[in-house]
Amino acid sequence: MRREKGRGNKGVVCGIALGGMSGLLLSNVLVFRTVFERPLKRWKKSGYDCALVCGCPANLNGSPSAVMKTRVEKAVKLWREGRVKKLFFSGGRVKNPHIESEVMKEYAIELGVPEEMIVTENRSVSTFHNMMQSRRIMEREGIRDCVVVTNGWHLRKANHYAQRFGLDYVMCAADEPKNAGLIDTLWRYVSVNLHMYFNFYRGLY
C-alpha cells in the first residue's frame with residue numbers, strides 16, 4: 001500500500017511539473033509572438049526604391065557563402081523583374097575580416113548588375129545595426145522604401161528592427177541553399193528565435 005501511495009504521489013508531482021513547464025512554454029511563446037510580430041510580406045506597391053539585403057558572413061577566403069548567395073540572387077531577381085530600382089547591401093566585418101556588403105556587391109556585379117545601381121553600408125555588425133545604419137543612408141540618398149531581403153528563418157528578426165526604425169518596407173524571403181538540409185534549416189529557425197528572445201529579456205536592442 002505504501003509503495004502504491006508513493007507511486008501515486010510521484011505521479012501527481014510529475015503531472016504538476018509537466019503542467020507547469022507546458023504553461024511556462026506557452027506563455028513564453030505568446031510573449032515572443034506579441035513582441036516579435038509576424039513578418040510583413042504583403043506587397044502594398046508594385047515596386048520599391050531598393051532591395052535592402054541583410055548582411056551575412058562571407059567564407060573565410062572572401063568568397064560569398066551559400067546563404068549570402070541566396071540573398072543576393074533574390075535581390076538581383078527582383079531588380080531584373082523591375083520590382084526594385086536599386087540594390088542596397090548592408091553589413092560590415094563580423095565573423096571574419098571580409099566586409100559583407102562589399103562581397104555581396106561584387107557577387108551582384110558578377111550577376112550582371114551595374115555598379116551604379118548598388119548602394120552599400122559597411123559598418124553594421126548585427127541585424128539591429130543593418131536597419132539602423134541603412135535607414136540613415138536611405139534618408140541621405142533619397143531612398144523612400146525598400147524590400148527587405150533575407151532568409152525565411154531570419155524574416156521575423158529583420159521585420160522587428162525594420163519596424164522599430166520606421167522603414168517603409170515589405171519582407172521578402174530568399175531561397176534556402178540547395179545543399180541545406182532540413183535539420184540545418186530548422187536549427188537556424190530555433191537558434192535565431194532563441195537569440196532574439198534572450199536579447200529581449202536582457203534589454204538589448
Checklist entry - Out of curiosity, R156 CZ to Y161 OH, how far, rounded to the nearest 0.5 Å? => result 13.0 Å
Item to check | side-chain contact (heavy atoms from CB on, under 4.5 Å) between Q163 and E37, intermediate numbers included | outcome: CA-CA 10 Å; Q163 186 180 65; E37 298 179 9; 3.4 Å; yes
Item to check | Verify same cluster id: L111, V147 (apolar side-chain graph, 4.5 Å) | outcome: yes
Checklist entry - Does K157 NZ have over 12 foreign heavy atoms under 6.0 Å away? => result yes
Checklist entry - Quick one: are Y107 and M104 in side-chain contact, heavy atoms under 4.5 Å? => result no
Item to check | Short side-chain donor-acceptor distance under 3.5 Å, S63 and N59 | outcome: yes
Checklist entry - Taking atom CZ of R38 and atom CG of N159, what is their separation to the nearest 0.5 Å? => result 11.0 Å
Checklist entry - Can M68 be reached from M131 by stepping across I, L, V, M, F, W or Y side chains whose heavy atoms are under 4.5 Å apart? => result no
Next on the checklist: Rounded to the nearest 0.5 Å, what separates atom CG in N130 from atom CD in E121?
Outcome noted: 6.5 Å
Next on the checklist: Please determine whether a side-chain nitrogen of the Lys or Arg among E139 and R135 lies less than 4.0 Å from a carboxylate oxygen of the Asp or Glu.
Outcome noted: yes
Checklist entry - Are the aromatic rings of Y48 and Y169 close, with centres under 6.0 Å apart? => result no
Checklist outcome for this item: Scanning both residues in full, the closest heavy-atom pair of I99 with G91 reads CG2-O, 3.5 Å
Checklist entry - Got a second to check how far L52's CG is from L167's CG, nearest 0.5 Å? => result 7.0 Å
Checklist entry - Is there a chain of hydrophobic side chains (I, L, V, M, F, W, Y, each step under 4.5 Å between heavy atoms) that links M171 to L78? => result no
Checklist entry - Do V113 and F88 share a hydrophobic cluster, counting only Ile, Leu, Val, Met, Phe, Trp and Tyr and linking them when any side-chain heavy atoms are less than 4.5 Å apart? => result no
Next on the checklist: If you count every heavy atom of other residues, nucleotides or ligands that lies below 6.0 Å from W187 atom CH2, does the total exceed 12?
Outcome noted: no
Item to check | SG-CD1 distance between C50 and I118, expressed to the nearest 0.5 angstrom | outcome: 12.0 Å
Item to check | E115 and K105 ion-paired at < 4.0 Å | outcome: yes
Checklist entry - Would you say S65's side chain and P57's backbone share a donor-acceptor pair under 3.5 angstrom? => result yes
Item to check | Inter- and intrachain pairs under side-chain hydrogen bond (donor to acceptor under 3.5 Å, both in side chains), touching residues 142-155, at least two apart | outcome: K45-D145, D49-R144, T70-N151, R71-T150, R71-N151, T127-H154, T150-H154, N151-E176, W153-E176
Next on the checklist: When you measure from the side chain of E100 to the backbone of C56, do you find a donor-acceptor pair of N or O atoms at a distance under 3.5 Å?
Outcome noted: yes
Checklist entry - Same hydrophobic cluster for V103 and V94, using side-chain heavy-atom links shorter than 4.5 Å among ILVMFWY? => result no
Item to check | Partners passing salt bridge (charged side-chain N to carboxylate O under 4.0 Å, His left out) against K69 (at least two apart in sequence or in another chain) | outcome: none
